[in-house]
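Computed from a predicted structure; not experimentally measured. Computed from heavy atoms alone, side chains included, the values below leave out hydrogens, waters and symmetry copies. The sequence lines fix the lettering, A, B, ..., with proteins before strands; numbering per chain opens at 1.
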Number of protein chains: 2
Amino acid sequence: MTKSKTPIWRSIQSSLTREIADGILVSGDKLPTEAELAIRFGVNRHTVRHALGAMAEDGLVHARRGAGVFVTGKPTDYPIGKRVRFHQNIRAAGQMPAKTRLQLATRRPSPREAKALQIEPDDQVHCYEGLSLADAVPIAIFRSIFPAERFPDLLEALDELDAVTAALKKCGLDDYTRISTRLTARLADATQAGHLRISQGAPILRSEGVNADSDGVPVEYGTTWFSGDRVTLTLRDDA
Amino acid sequence: MTKSKTPIWRSIQSSLTREIADGILVSGDKLPTEAELAIRFGVNRHTVRHALGAMAEDGLVHARRGAGVFVTGKPTDYPIGKRVRFHQNIRAAGQMPAKTRLQLATRRPSPREAKALQIEPDDQVHCYEGLSLADAVPIAIFRSIFPAERFPDLLEALDELDAVTAALKKCGLDDYTRISTRLTARLADATQAGHLRISQGAPILRSEGVNADSDGVPVEYGTTWFSGDRVTLTLRDDA
DNA sequence: TGATATTTGTGCGTATGTATC
DNA sequence: AGATACATACGCACAAATATC
């Protein structure tokens with residue numbers, strides 16, 4: 001009697017995990033169909049599903065109904081701490097960062113935005129919205145709100161620079177740090193799903209934070225919607 | 001002519017938000033049905049839905065199809081930092097904490113658990129699984145894994161105490177701190193949905209962390225699944 | 001247990017005012 | 001000024017989940 005101690009599904013999990021770790025299957029690749037895997041491993045499709053489910057739970061792959069199972073665009077550990085610098089974070093993970101601009105405008109703030117920035121509801125704000133990519137895979141949607149009164153030329157600076165830190169520097173703000181971060185999980189709506197190239201109803205990790213200058217005055221209210229399947233936030237106890 | 005600048009749905013949102021802020025509607029209360037609200041405000045049901053949608057986006061209410069729209073059991077700001085103490089956190093939010101035990105057992109670790117705790121795959125671990133409640137509303141499912149070799153009597157201690165910190169203290173560990181935290185968003189499976197009393201596919205915020213003693217040796221590998229609709233994690237820059 | 005009513009979710013179509021090109 | 005796109009709002013119908021009896 002072969003009384004194997006490890007369940008079959010676990011050995012399948014190991015097998016597939018190894019293929020990903022070894023680079024045989026890379027970021028974005030589509031796995032063989034469950035039916036094909038079932039034949040290849042000589043098991044029932046349910047057994048394959050169990051293994052794939054465990055891998056999905058680990059964030060290694062993600063399934064799209066009707067499409068297939070795909071290797072998640074790297075476990076993409078995205079560190080957050082007092083300072084959040086998108087490009088540095090992605091590069092530190094050995095990936096190629098990129099940004100797509102979705103919107104750049106000046107408008108009136110929503111009540112929530114006004115409250116976060118501690119400004120009057122009638123003051124104007126700059127709104128910078130875009131898409132963050134790592135290795136050309138969409139990782140997150142971000143929206144940054146700045147007080148227009150304090151940074152009258154920020155829109156032009158963002159227009160040419162596309163980098164928040166640099167643009168703020170050009171407007172006279174040398175340094176800023178995060179004074180609050182709130183995290184919660186949501187479901188992707190149609191718009192978000194389209195941008196992040198995930199299916200509607202997919203899990204989204206929403207991060208909402210306020211950055212302030214050295215005097216503690218808010219300079220940016222930012223919200224970032226991460227694709228839950230593609231991103232893991234890691235907390236740093238940073239300085 | 002009444003040339004109101006603000007959309008109707010936004011004023012409805014303000015109106016209902018105020019009722020919650022003022023305590024007229026409290027945690028867990030069911031709002032009037034969309035149809036009733038539509039009559040009360042003299043608008044179409046879609047307009048009410050728009051307002052409710054915005055409030056849901058803010059985490060203020062959550063809808064359950066067929067049941068109604070409910071005031072979210074507080075956006076329950078749940079602070080996380082180097083030390084995580086469940087009861088303290090809930091009490092700090094002015095709510096009544098409680099725990100339900102789901103499982104308490106000793107078994108072999110999964111590869112992931114062994115790696116996190118830096119033990120051999122053949123070593124035994126204690127597994128403590130349960131449900132966290134605030135004001136009798138399920139907030140999160142937690143699973144804590146401890147190295148059995150180091151804490152041989154932990155199971156009994158947990159059995160009578162139901163509090164991790166106290167049980168570990170009884171086993172000779174005075175203090176521990178969090179050395180790593182990883183956060184991601186997932187969808188609730190059937191089991192999780194049942195325990196948290198949310199619908200399957202609802203957003204879940206998963207937190208995975210390792211606690212270590214003062215020498216940096218891992219003593220606990222814990223995973224917590226928060227109901228995304230009921231919890232907001234706030235990062236503390238704590239000491 | 002099962003049938004029925006209630007309630008939210010989704011889609012279609014229509015109309016109007018406003019901002020943009 | 002005209003055309004176009006967009007947000008807002010209304011009305012109706014049905015599907016899906018839930019509650020109730």
Side-chain angles (χ1 to χ4, degrees), chain A residues 65-66 101-113 121-122 124-129 141 143 145 148 155-156 159 185-195 198-204, chain B residues 1-17 19-20 25 27-73 136-138 187-204 227-230:
Chain A
R65 195 206 308 222
R101 187 192 307 168
L102 295 176
Q103 206 191 48
L104 194 54
T106 303
R107 57 164 169 78
R108 298 244 324 270
S110 77
R112 169 172 288 251
E113 291 164 355
D122 290 327
Q124 294 278 103
V125 292
H126 300 310
C127 171
Y128 176 38
E129 228 175 290
I141 303 167
R143 174 161 68 211
I145 307 291
L155 220 58
E156 292 76 36
D159 191 23
R186 287 292 137 87
L187 300 183
D189 63 31
T191 314
Q192 296 165 341
H195 284 137
I198 55 181
S199 47
Q200 193 174 343
I204 294 271
Chain B
M1 223 24 180
T2 56
K3 207 190 85 182
S4 172
K5 57 190 174 176
T6 53
I8 299 176
W9 64 264
R10 199 170 266 289
S11 69
I12 294 175
Q13 177 188 6
S14 305
S15 183
L16 293 175
T17 299
E19 290 189 27
I20 293 173
L25 293 164
S27 174
D29 276 6
K30 181 179 172 305
L31 297 190
T33 67
E34 294 174 348
E36 284 168 354
L37 288 173
I39 292 169
R40 169 175 146 195
F41 288 107
V43 298
N44 189 276
R45 190 164 77 95
H46 281 302
T47 312
V48 171
R49 283 183 60 74
H50 198 148
L52 292 174
M55 293 172 71
E57 182 67 19
D58 289 348
L60 221 68
V61 299
H62 61 107
R64 278 175 48 212
R65 162 150 38 168
V69 180
F70 300 83
V71 178
T72 303
V137 178
L187 300 183
D189 62 32
T191 314
Q192 294 165 342
H195 284 136
L196 292 173
R197 278 190 258 141
I198 54 181
S199 47
Q200 192 174 343
I204 294 267
S227 163
D229 289 328
R230 297 205 255 264

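Rounded to an integer number of Å, the gap from NE2 of B/H62 to C1' of C/dT7 is 15 Å. Put simply, CD1 on B/I8 is 13 Å from P on C/dT18, counting in whole angstrom units. Atom pair B/I12:CD1 and D/dT8:P shows a separation of 13 Å (rounding to whole Å applied). Across the protein-nucleic acid pair, B/L52 atom CG and C/dT7 atom C1' stand 12 Å apart, rounded to whole Å. A straight line from CD of B/Q13 to C1' of D/dT8 spans 15 Å, rounded to a whole angstrom. Counting to the nearest Å, the P atom of D/dC10 and the CG atom of B/L37 are 14 Å from each other. Here D/dC10 presents its P atom at 14 Å from CH2 of B/W9, a figure rounded to the nearest Å.
Dashed line: the shortest gap from a side-chain N or O of B/R49 to OP1 or OP2 of C/dG9 is under 4.0 Å. Applying the 4.0 Å criterion to OP1 and OP2 of D/dC10, one finds that B/T47 has a side-chain N or O inside that range.
Legend: residues meeting salt bridge (charged side-chain N to carboxylate O under 4.0 Å, His left out) with B/D29, ordered by chain and number and at least two apart, are absent. Annotation: salt bridge (charged side-chain N to carboxylate O under 4.0 Å, His left out) contacts of A/R101 (sequence neighbours excluded): A/D159, A/D162. Residues that satisfy the side chain to side chain contact (heavy atoms under 4.5 Å, CB included) test with A/Q124, not counting sequence neighbours, are A/T106, A/R108, A/A148. The side chain to side chain contact (heavy atoms under 4.5 Å, CB included) test applied to B/H195 returns B/L102, B/L131, B/I141, B/T191, not counting sequence neighbours.
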Where along nucleotides 12-21 of chain D does protein come under 4.0 Å, by heavy atom, of base (B) or sugar-phosphate alone (S), with - for untouched nucleotides?
BB--BBBS--
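Separation of atoms CD1 (B/I20) and CG (B/L60) is listed at 4.0 Å; rounding is to 0.5 Å.
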Result block: side-chain N/O donor-acceptor pairs under 3.5 angstrom for residues 36-45 of chain B, not counting sequence neighbours:
| residue | atom | partner | partner atom | Å |
| --- | --- | --- | --- | --- |
| B/E36 | OE1 | B/T33 | N | 3.2 |
| B/R40 | NH2 | B/E19 | OE2 | 2.5 |
| B/N44 | OD1 | B/H46 | N | 2.8 |
| B/R45 | NH1 | B/E34 | OE1 | 2.3 |

